[in-house]
Amino acid sequence: VNPIEYHGPHLSLRTDGVISEGLNRDLHLRLSARHPDWPYLCVPDPNVGCGTVPGHGSRPVSFQAVKQVVIETCKALVSLGATRVVLMTFHGDPLHNLALQAGVDWLSAHGAQGFAPMPLLLAQIFEPDPSVLAPLLAPLASASDRSAMAEDWPHDFHAGFGETSLALHYAPDTVSGDHTTLPPCAPLEPRKAMAALPSLARRLGRTNLAGELNFGALVLTWLALRPFPGYTTRPHLANPETGRLLADLACERYAKAAEAVFTQGAAPPRAGMRWVLGLSLGGRIDLGGSQPEA
């Protein structure tokens, strides 16, 4: 479930979709090795998403509309006899992932097992794990490039080094060769008022909330850049080997969680940043990206 969305001048409007399709295939390959009786049925992407970034071609859809599409699709899958459903996305907007969470909840209430893996990846963005950086940056030949990208890593959330590398791995024909000429995104330095909120949450012991607030501050700072680049960090350093390593890392975590949900009855990971629902009046107002359509 992915939007049609601007991903800078170098990536496809369907970047989230083509990465999701690749992750779907790789996740099923891992699961089918242990469960050969689990079939693979991929429903076509409805191409809807809320919280799209501004830019040529972005097609924002309201939270309520995305939620309805997700739930109606889950109903159709259950009517076909599906018992295990993965709701795959590569779009990190909090309202979008809360719409997928509504699908997971509906499935659980109607006798099926649902799993939306994106919260596992977003958790790594909210609180980056430094131990994963070295192998991901190893394909960069220059020590100065590795150092610069390590510093920028917490800001790499849209069409930057990581996402462009994943696109080069899964769908290289969707990446413009001009990505190697793009200048780095300007540094993201949230205003003091924005930076104070994550700091306060951390002092109060709310580390998860602090990570979410820090991420929100970075996104709002990025959206305010003029001219707006449409990408973060350093897409000119992107490479397919880093993309392969990122895909392996994501699918390893996804498969472990899916195994626990589908075979052990574990609770699926839940979408975070639920406070955005209140802040946006239930998804009725946009908090920084494109204005949603009805």
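Nearest heavy-atom pair, Tyr40 versus Arg25, reported as atom, atom and distance to 0.1 Å: OH-N, 3.8 Å. Of all heavy-atom pairs between Pro3 and Gly49, the closest is CB-CA, 3.6 Å. Residue His179 comes nearest to Leu168 through the heavy atom pair NE2-CD1, 4.0 Å, listed as atom of the first residue, atom of the second, then distance. Minimum interatomic distance between Pro9 and Pro229 (heavy atoms only, all atoms of both residues): CD-O, 4.0 Å. In plain terms, the two heavy atoms of Pro268 and Val261 that are nearest each other are CA-CG2, 3.7 Å. Smallest separation of non-hydrogen atoms from Cys251 and Leu27: SG-N, 4.0 Å.
For Trp222 and His158, the ring centers are positioned less than 6.0 Å apart.
Between Leu277 and Leu95, the closest side-chain pair of non-hydrogen atoms falls below 4.5 Å. Taking 4.5 Å as the limit, every side-chain heavy atom of Thr15 sits out of range of all side-chain heavy atoms of Tyr6. Using a 4.5 Å cut-off on side-chain heavy atoms (C-beta onward), Phe157 and Thr233 make no contact. In this structure the side chain of Asn239 reaches within 4.5 angstrom of the side chain of Phe161, judged on heavy atoms. Put simply, the side chain of Val70 does not reach to within 4.5 Å of the side chain of Lys67, judged on heavy atoms. You'll find the side chain of Val1 stays beyond 4.5 Å of the side chain of Val69, heavy atoms only. The side-chain heavy atoms of Asp156 and Met149, taken from C-beta on, include a pair separated by under 4.5 Å. Looking only at side-chain heavy atoms (C-beta outward), Leu188 and Leu225 come within less than 4.5 Å of each other.
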Next on the checklist: Quick one, His10 with Tyr231, criterion ring pair (Phe, Tyr, Trp, His ring centres under 6.0 Å). Give me CA distance, side-chain angles, the key distance, then yes/no.
Outcome noted: CA-CA 9 Å; His10 60 299; Tyr231 60 85; 5.8 Å; yes
Checklist entry - Yes or no on side-chain hydrogen bond (donor to acceptor under 3.5 Å, both in side chains) for Gln101 and Asp105, after CA distance, side-chain angles and deciding distance? => result CA-CA 6 Å; Gln101 182 65 56; Asp105 293 343; 3.0 Å; yes
Checklist entry - Could you walk me through whether Glu21 and Arg14 pass the salt bridge (Lys or Arg N to Asp or Glu O under 4.0 Å) check? => result CA-CA 11 Å; Glu21 289 162 7; Arg14 284 206 68 248; 3.1 Å; yes
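Using a cutoff of 4.0 Å between basic side-chain nitrogens and carboxylate oxygens, Lys75 and Glu72 are scored as salt-bridged. Between Asp248 and Arg244, at least one side-chain nitrogen of the basic residue sits less than 4.0 Å from a carboxylate oxygen of the acidic one, meeting the salt-bridge criterion.
Leu166 and Val175 are not part of a single hydrophobic cluster, where members link through side-chain heavy atoms under 4.5 Å apart. Cluster membership for Val66 and Leu13, using ILVMFWY side-chain heavy atoms within less than 4.5 angstrom, is not shared.
A side-chain donor-acceptor contact under 3.5 Å links Ser199 and Arg203. Between Tyr254 and Asp26, the side chains place no donor N or O within less than 3.5 Å of an acceptor N or O (distance only, hydrogens not considered).
Of the candidates Pro54, Ser58, Ser12, Ser58 is the only one forming a side chain to side chain contact (heavy atoms under 4.5 Å, CB included) with Glu5. Checked against Thr89 for a side chain to side chain donor-acceptor pair (under 3.5 Å), the options Asn2, Asn97, Asp16 give a single hit: Asn2. For the side chain to side chain contact (heavy atoms under 4.5 Å, CB included) test with Leu218, the passing option among Thr221, Asn214, Leu220 is Asn214; the others fail.
By the neighbour-count criterion of 12 heavy atoms within 6.0 Å, atom CD of Glu151 is sparsely surrounded, having that number or fewer from other residues, nucleotides or ligands.
A donor-acceptor contact shorter than 3.5 Å links the side chain of His110 to the backbone of Trp106.
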